[in-house]
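Taking it in order: structure first as structure tokens, then the write-up.
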Amino acid sequence: MAPLPGAELVQRPLQLYRYLLRCCWQLPTKGIQEHYKHAVRQSFRVHSDEDNPERIQQIIKRAIEDADWIMNKYKKQN
């Protein structure tokens, strides 16, 4: 289960970045949204020099799985 529709369409880092920011908008409070938006930006910067296509796909897959976990975590709390 993906946090938002369209996760299966994410193929490139910029698509992932936009997708994850849209996930942040779904979080319950402004503080939580800002926390995760900051984390997304930091992670994007850390991996910006990655050029191995296989590794990039691993990062994308893991990021979507992590976003799913976070979204489910906050849905269960409400």
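Side chains are part of it too, since the values below use all heavy atoms of this structure and drop only hydrogens, waters and symmetry mates.
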> So, for Asn52 and Glu54, which heavy atoms are closest and what is the spacing to 0.1 Å?
Replying inline: OD1-N, 3.0 Å

> What is the distance from atom CE of Met71 to atom SG of Cys24, rounded to the nearest 0.5 Å?
Replying inline: 8.5 Å

>> In the structure I gave you, are the side-chain heavy atoms of Arg45 and Arg41 within less than 4.5 Å of one another anywhere?
In response: yes

>> Hydrophobic cluster membership, with links at side-chain heavy-atom distances under 4.5 Å among I/L/V/M/F/W/Y: are Ile56 and Val40 in one?
In response: yes

> Do Leu27 and Ile70 touch side chain to side chain, with heavy atoms closer than 4.5 Å?
Replying inline: yes

>> Quick one, Tyr19 and Ile64 - any side-chain contact, counting heavy atoms below 4.5 Å?
In response: yes

> Taking atom NE2 of His38 as the centre, does the number of heavy atoms from other residues, nucleotides or ligands within less than 6.0 Å exceed 12?
Replying inline: no

> Are any non-hydrogen side-chain atoms of Leu16 and Gln11 less than 4.5 angstrom apart?
Replying inline: no

> Considering residues at least two apart in sequence or located in another chain, which fulfil the side-chain hydrogen bond (donor to acceptor under 3.5 Å, both in side chains) criterion with Glu65?
Replying inline: Lys61

> Are Ile32 and Trp69 co-members of a hydrophobic cluster defined by side-chain heavy atoms under 4.5 Å apart?
Replying inline: yes

>> Testing the basics here: between Trp25 and Gln33, what is the closest heavy-atom pair and its distance to 0.1 Å?
In response: O-NE2, 3.5 Å

> Tyr17 vs Phe44 aromatic rings, parallel, tilted or perpendicular, using cut-offs 30° and 60°?
Replying inline: tilted

> What closest approach, in Å, do Leu20 and Ala67 show between heavy atoms, and which atom pair accounts for it?
Replying inline: CD2-CB, 3.7 Å

> At what distance, to the nearest 0.5 angstrom, does NZ of Lys37 lie from NZ of Lys30?
Replying inline: 4.5 Å

>> Would you compute the distance between atom NZ of Lys73 and atom CG of Asp66 and round it to the nearest 0.5 angstrom?
In response: 11.5 Å

> What are the two closest non-hydrogen atoms of Leu9 and Gln15, and how far apart are they?
Replying inline: O-OE1, 3.8 Å

